Each structure stands twice: as structure tokens, then as C-alpha cells.
Visitor: 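Next up is a structure, given as C-alpha cells.
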Amino acid sequence: MPARTGAEFLDRLSRNRTHVEIQGETLRGGIADHPAFANVVRTYAALFDLQHAPGSRNILTYPSATTGDPVATSFLIPRTREDLDKRGQAYKLTADASFGMLGRTGDYLNSALMALASAHGWFAQTDPAFADNITRYYEKVREQDLLCTHTLIPPQANRAQPGSQQGGGALMARITDTDDNGIVVRGARMLATIGPFADELLVFPSTVLRGTPEDRPYSFAFAIPTDAKGLRFIAREPFDYGRSHFDHPLGSRFDESDAVVVFDDVHVPYERCFTLGDPEICNGFYTKTDALQHMTHQVVARTTAKTEFILGLTTVLTEAIGIGGFQHVQADLAEIITTLETLRALNRAAEADATPNAYQVITPAWAPLNAARNLYPRLYQRFPEILRKLGASGLMATPTEADVNGPAGPDIDAYLQGATLSGRDRVRLFRLVWDACASAFAGRQALYEYYFFGDPVRMATAYQASYDKEPYAEPVGALLERGY
Ligand SMILES: Cc1cc2nc3c(=O)[nH]c(=O)nc-3n(C[C@H](O)[C@H](O)[C@H](O)COP(=O)(O)OP(=O)(O)OC[C@H]3O[C@@H](n4cnc5c(N)ncnc54)[C@H](O)[C@@H]3O)c2cc1C
């Protein structure tokens with residue numbers, strides 16, 4: 001089956017019976033029509049349509065190895081530099097469509113599946129069946145163009161204890177039983193973004209597991225349909241309040257939803273399991289397969305698109321109220337430009353220094369990507385801060401569309417005009433700035449970027465530990481010994 005259209009994505013979603021709890025309401029399907037999801041689901045549908053648009057289909061698709069039909073480029077196994085370039089272009093095109101605001105577009109986890117399937121031999125270490133399972137699953141997702149999300153971390157009950165000890169071991173999703181056909185999973189995982197409207201849930205490893213017998217029930221990787229029996233999502237309050245694009249320009253388009261994942265004795269067939277009972281395989285899941293490189297390659301394209309948007313928005317804002325001539329405002333713009341150019345340079349270095357890995361997959365260089373993923377969680381936090389500082393009281397002089405079109409219209413036009421904009425257009429701009437820096441949607445975006453790759457503090461600890469610092473320490477030691 002070729003890459004799906006938006007209509008095909010919506011059609012399948014209308015047949016899903018996903019169990020979602022939201023604001024006291026229980027849904028069993030009907031997700032696309034629920035006000036919390038209707039807009040973002042249509043934004044996702046437009047991304048599927050982009051795969052068929054004349055200006056983008058050649059970048060976003062390639063011929064399937066099994067059918068020759070066009071399938072999404074994020075499934076393309078890069079055997080040449082041109083393949084890798086094409087993957088990079090497709091990531092950027094997809095990210096541009098949402099200004100980088102959507103974090104779980106299909107290309108993110110398609111890239112992971114591509115790398116995992118390419119490294120299928122690694123999964124055979126414990127059982128050759130796992131190698132077949134990951135290969136078949138990758139082909140299924142590719143051919144049916146399914147939208148995947150993932151859930152990784154255990155519930156946040158007591159971080160001073162390993163997940164396997166929390167709540168007497170009953171909180172974290174674990175294998176409680178097995179039968180001839182598969183495993184039974186009970187417990188919870190903390191979050192799955194887009195869980196309520198994804199087709200598939202990848203229940204993958206994340207926290208480091210010890211190789212002890214107690215950790216074995218928690219050592220697994222599998223995939224299930226989001227409407228699997230016994231699976232339910234508890235969604236957070238939506239930040240799309242059902243208002244117009246004028247009032248909530250970002251929230252009304254890009255609120256992806258995040259949901260707690262509960263496994264109530266979910267049966268997972270063996271053919272959907274990629275590793276079981278092997279902490280060592282779980283701990284090397286992303287690094288030994290190089291999935292991490294390809295996922296990060298996608299993320300850098302997305303964060304570049306997002307930074308471009310922030311730069312554009314800040315520029316329009318400074319022009320609108322005539323503050324572009326002040327030096328500290330220029331310094332803020334320079335800071336955003338520096339972040340943007342750093343991301344571009346790191347991405348370019350990663351692509352330029354790409355090499356074939358052990359599975360003959362052209363793999364972007366890890367050092368620049370690792371630098372980018374350690375930088376962005378912190379650098380992004382400055383963007384809403386800058387927008388809030390520059391927007392100032394304008395962020396609160398933000399009447400709604402109803403006011404602009406109502407009795408207050410003449411006052412708004414007279415008193416809220418900007419240096420370059422009418423009152424109406426200035427309000428429209430400031431509502432966009434507010435949704436990028438001060439609304440609930442904006443707060444969620446900042447939190448999302450901070451924790452995208454896990455806790456940045458622990459990530460930094462691992463980063464510096466894995467970095468070979470000796471070549472730099474040695475000359476310093478030699479200088480000290482030389483004396484003056
Ligand atoms: C908007 C959003 C969307 C998300 N979407 C998904 C998703 O789709 N799928 C998914 O799997 N996950 C998702 N996550 C979860 C994300 O992976 C985690 O937020 C991240 O891994 C950090 O874990 P935590 O939130 O449990 O923080 P915690 O581990 O509970 O940390 C809380 C605080 O305690 C500190 N801390 C805790 N333990 C330690 C320690 N051992 N050493 C040092 N400091 C420590 C941390 O530094 C941090 O400041 C999402 C998170 C957010 C915010």
C-alpha cells in the first residue's frame with residue numbers, strides 16, 4: 001500500500017476503538033471528532049497529504065523495496081550519501097509544515113524502526129525470532145504507513161528507588177504472565193505524546209536496567225495497536241480550547257496531547273515482541289543499533305525549523321513596535337541567530353562526516369548530533385524568555401477575535417495599532433507571540449524541549465563521561481610539570 005493520504009489516516013482513525021480517558025469522559029474511538037483532538041488530528045492529516053503534493057512527494061517518498069509503491073522517505077535505509085541527504089530534506093520539509101511545533105510526526109519513530117530493522121542481527125542474540133519480528137514489523141509500518149508513538153519511562157512515584165521497586169514493583173509496566181502465544185503486561189508508563197490518535201504504540205526501553213533477576217520482567221520491547229484490549233490512555237487537559245486560529249494560533253493547530261499509559265493485562269503476541277527478558281539488549285537498544293543517530297538527525301531538523309520560526313516571530317515583533325534599534329534587542333536577535341546557525345552547522349557536520357555502520361547503513365556522525373541534543377534543551381528555554389521580555393505589556397493587551405470584530409473594534413484599531421500594523425493585525429501578532437511564550441501551549445513546548453531526550457542533567461553526566469577528555473588533560477598536565 002502506498003504512503004497514506006490524510007483521508008486514509010482519518011478513515012483508519014475513525015475505525016480505531018482506542019480507550020481514552022479525558023476530563024472525566026471515557027472515549028472508545030471517535031477521537032477525530034472530539035474537540036480535544038479534532039484540530040491536531042487534521043494537522044496530522046495534512047502531513048499525510050503532503051506526501052502526495054506535487055511539490056513535495058519526490059522528497060517525502062521513495063519506491064518501496066517490496067511493492068514499488070511510493071512509501072515515506074523516513075523508512076528509506078540510507079545506503080548512500082544521497083539517501084541520507086534525502087532523509088534530511090524530508091525531515092526538514094515535514095518539520096517546516098508545523099514550524100517544528102509537532103514533536104511526534106511519523107518520521108521520528110519511522111527512523112528508529114528503520115535503524116532497528118537494519119540492525120536485525122543484533123536482536124537475534126537472544127533469539128533469531130526477534131530479528132524476524134523487528135524486520136516484519138518495520139515492513140508492516142512502512143507498507144501501511146502507520147503513525148507510531150512510543151512510551152518509555154516508568155511512573156514518577158519515587159525516583160530514589162529503581163522502577164522495579166516502586167509501589168512494591170506494581171507500578172511500572174511489567175510482564176506478569178506468558179502463554180504459548182505471547183506475554184501479558186500490567187502496570188503503567190508515564191507518558192505517550194499523541195497516544196490517543198496514533199495507530200501504534202511502541203513500548204520501548206529507556207531507563208538503564210541492571211542485569212539482575214528482578215529486572216527481567218521489566219526488560220522488553222514490543223509494539224501494540226493503540227486500541228489493544230486492556231490498554232488505556234489518560235490524557236491531560238487539552239490546550240486547544242476550541243477557539244479560533246486568531247485567538248490561539250498555535251494551540252488550535254498543534255496541541256499534540258500527552259497521555260499516561262495504563263496496561264490492564266494487555267496480551268502481546270510474540271510476533272510483536274523484539275526482545276524479552278534481556279536487560280543487556282534493552283540497555284543497548286538505541287546505541288548498538290544506531291537508532292539514536294537517526295532519531296537525533298530528525299530532531300535536529302525539527303529544532304532547526306522551530307528556531308527559524310522563533311527568529312521570524314521575534315523579527316516581526318520588534319518591527320511591529322519599533323524596538324529593533326535598541327542594542328539589547330539586537331543582542332537577543334543575535335542569540336537566536338547563533339542558536340540557529342549552530343544547529344545548522346552541527347547538522348551539516350553530522351551529514352558530511354556520515355559513515356557506514358556495522359550494518360552498512362550510512363549513519364550521521366554522532367559527535368555533532370550529541371552536541372546538538374545536549375545544547376537545545378537549554379537554549380530553547382531562552383526563546384520564550386526573550387519573547388516575553390520584548391513583548392512586555394503587549395502580551396496582555398490581547399483582546400480576542402470577538403472583541404476585534406465587536407463593539408471594541410474601533411478602540412482596538414485606534415489604540416492598539418503598532419509601528420507597522422493596524423490594531424487588528426497587531427493583536428493577531430501578539431496573540432501568536434503569547435501562544436509561543438506565555439500560554440499553556442507555550443509552557444508545554446518549553447517543557448517538551450527540555451525533556452525531549454530525557455533528563456538533561458543525567459544526559460550531560462553520560463555525555464561528559466563518554467567523551468575522551470584525556471587528549472586535552474595531558475598537555476595541561478605536561479605544562480604544569482614543566483614549571484615556569
Ligand atoms: C511534554 C512532554 C511530553 C513527553 N512525551 C513523552 C512520550 O511521548 N513518550 C515518553 O516515553 N516520554 C515522554 N515524556 C517523558 C520524558 O521522557 C521525561 O520527562 C524525561 O525522560 C524525564 O523524566 P521524568 O519526567 O520522569 O523526570 P524525573 O526523572 O522524575 O526527574 C524529575 C527531576 O528530578 C531530577 N532527578 C530525578 N532522578 C534523578 C537522578 N537519578 N539523578 C539526578 N537527578 C534526578 C531530574 O533532574 C529532574 O529535575 C514527555 C515529557 C514531557 C514533558
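This one's a predicted model, so the numbers in the text were calculated from it and none came from an experiment. In this chain, numbering begins with 1 at the start of the sequence shown. Remember, it's 1-based here, ligands and their atoms both numbered in the order they're listed.
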Visitor: Is the closest side-chain donor-acceptor distance between His267 and Asp179 under 3.5 Å?
Guide: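 On atom types as modelled, these side chains qualify, holding a pair under 3.5 Å.
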
Visitor: Under a 4.0 angstrom heavy-atom cut-off, which atoms of ligand 1 come close to Leu152?
Guide: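 Listed by number with element, the hits are 10 (C), 11 (O).
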
Visitor: Honestly, is Arg243 close enough over Phe246, meaning NZ or CZ under 6.0 Å from the six-membered ring centre and within 45° of the axis?
Guide: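 That pair does not qualify as a cation-pi contact.
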
Visitor: In the protein, what heavy atom is nearest to atom 50 (C) of ligand 1, and what distance, to one decimal place, separates them?
Guide: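 Closest protein heavy atom to atom 50 (C) of ligand 1: Leu191 CD1, 3.5 Å.
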
Visitor: Given salt bridge (charged side-chain N to carboxylate O under 4.0 Å, His left out), test Arg87 with Asp107 step by step and report yes or no.
Guide: CA-CA 9 Å; Arg87 292 181 61 85; Asp107 51 353; over 6 Å; no

Visitor: Check each heavy atom of Arg104 against ligand 1 and say whether those closer than 4.0 Å belong to the side chain, the backbone, both or neither.
Guide: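 It is the side chain that touches ligand 1; the backbone stays farther off.
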
Visitor: Any salt bridge linking Asp332 with Arg382? Criterion: basic side-chain nitrogen under 4.0 Å from a carboxylate oxygen.
Guide: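 Counted as a salt bridge, because a side-chain N and a carboxylate O are separated by less than 4.0 Å.
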
Visitor: Between Gln156, Glu449, Met459, flag the one that comes closest to atom 32 (C) of ligand 1 by a heavy atom.
Guide: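 Among Gln156, Glu449, Met459, the closest heavy atom to atom 32 (C) of ligand 1 belongs to Gln156.
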
Visitor: Which residue and atom name correspond to the protein heavy atom nearest atom 47 (O) of ligand 1, and how close is it?
Guide: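 Checked against all protein heavy atoms, atom 47 (O) of ligand 1 sits closest to Asp455 OD2, 2.7 Å.
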
Visitor: Would Arg373 and Phe453 count as a cation-pi pair here, with the cationic atom under 6.0 angstrom from the ring centre and within 45° of the axis?
Guide: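 Geometry flag: set, cation within 6.0 Å and 45°.
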
Visitor: Considering distance alone, does some N or O of Val457 sit under 3.5 Å from an N or O of ligand 1?
Guide: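 For ligand 1, there is no N or O atom that lies under 3.5 Å from one belonging to Val457.
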
Visitor: Would you say the side-chain atoms of Ser219 and Asp215 include a donor-acceptor pair closer than 3.5 Å?
Guide: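 Looking only at side-chain atoms, Asp215 and Ser219 do not form any donor-acceptor pair under 3.5 Å.
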
Visitor: Heavy-atom pairs closer than 4.0 Å: do any link ligand 1 to the side chain of Asp258, the backbone, both, or neither?
Guide: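 Side chain only.
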
Visitor: Does any donor atom in the side chain of Tyr376 or Thr307 lie under 3.5 Å from an acceptor atom in the other side chain?
Guide: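 Present: a donor and an acceptor within the cut-off.
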
Visitor: Is the number of heavy atoms from other residues, nucleotides or ligands under 6.0 Å of Lys389 NZ greater than 12?
Guide: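 Enclosed.
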
Visitor: Of Trp122, Phe123, Phe220, Phe222, which is the lone residue that meets ring-ring contact (aromatic ring centres under 6.0 Å, His included) with Phe285?
Guide: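 Single pass found, and it is Phe123.
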
Visitor: I'd like to check atom 41 (N) of ligand 1 in this structure: does the protein have a heavy atom lying under 4.0 Å from it?
Guide: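 Given the 4.0 Å limit, the answer for atom 41 (N) of ligand 1 is yes, a protein heavy atom qualifies.
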
Visitor: Within a distance under 4.0 Å of any heavy atom of Tyr448, pick out the atoms of ligand 1 and give their elements.
Guide: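 This gives 1 (C), 2 (C), 3 (C) as the contact atoms.
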
Visitor: Which of the numbered atoms in ligand 1 are under 4.0 angstrom from any heavy atom belonging to Thr151?
Guide: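 Taking each heavy atom of Thr151 in turn, ligand 1 has 11 (O) under 4.0 Å.
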
Visitor: Name the option, out of Met190, Arg458, Arg159, that contains the heavy atom nearest to atom 45 (C) of ligand 1.
Guide: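 Of the listed residues, Arg458 has the closest heavy atom.
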
Visitor: Determine whether the side chains of Gln445 and Tyr380 contain a donor N or O and an acceptor N or O closer than 3.5 Å.
Guide: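 Side chains of Gln445 and Tyr380: no pair found under 3.5 Å.
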
Visitor: So which of Phe452, Tyr108, Phe453, Tyr451 gets nearest to atom 19 (O) of ligand 1, if we judge by its closest heavy atom?
Guide: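 It is Tyr451 that holds the nearest heavy atom.
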
Visitor: Can you name the atoms of ligand 1, numbered from 1 with element, that are less than 4.0 Å from a heavy atom of Thr193?
Guide: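 Those qualifying, in numeric order: 3 (C), 4 (C), 5 (N), 6 (C), 7 (C), 8 (O).
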
Visitor: Which atoms of ligand 1 sit under 4.0 Å from any heavy atom of Ile153?
Guide: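 Ligand 1 atoms under the 4.0 Å threshold to Ile153: 11 (O), 15 (C), 18 (C), 21 (O), 23 (O), 24 (P), 26 (O).
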
Visitor: Mind running salt bridge (charged side-chain N to carboxylate O under 4.0 Å, His left out) on Arg344 and Glu308 for me, showing each step along the way?
Guide: CA-CA 11 Å; Arg344 284 185 180 149; Glu308 287 172 352; 2.8 Å; yes

Visitor: With nothing but distance in play, are any N or O atoms of Thr149 less than 3.5 Å from an N or O of ligand 1?
Guide: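 By distance alone, the answer is no.
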
Visitor: For atom 20 (C) of ligand 1, what is the nearest protein heavy atom, given as residue, atom name and distance?
Guide: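 Scanning the protein heavy atoms, the shortest distance from atom 20 (C) of ligand 1 goes to Gly454 CA, 3.7 Å.
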
Visitor: With a 4.0 Å cut-off on heavy atoms, is Arg189 touching ligand 1?
Guide: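 Under 4.0 Å: no for Arg189.
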
Visitor: Would Arg444 count as a contact residue for ligand 1, given that I'm defining contact as a non-hydrogen atom of the residue lying under 4.0 Å from a ligand atom?
Guide: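 Flag set, Arg444 near ligand 1.
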
Visitor: How far is atom 9 (N) of ligand 1 from its nearest protein heavy atom, and which residue and atom name does that atom have?
Guide: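 That would be His150 O, 3.0 Å.
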
Visitor: Are any of the N/O atoms in Leu447 less than 3.5 Å from those in ligand 1?
Guide: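 The answer is no, given that Leu447 and ligand 1 share no N or O pair closer than 3.5 Å.
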
Visitor: Could Arg4 and Asp199 be called an ion pair, given the rule that one side-chain N must be under 4.0 Å from one carboxylate O?
Guide: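 Salt bridge flag = yes for Asp199 with Arg4.
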
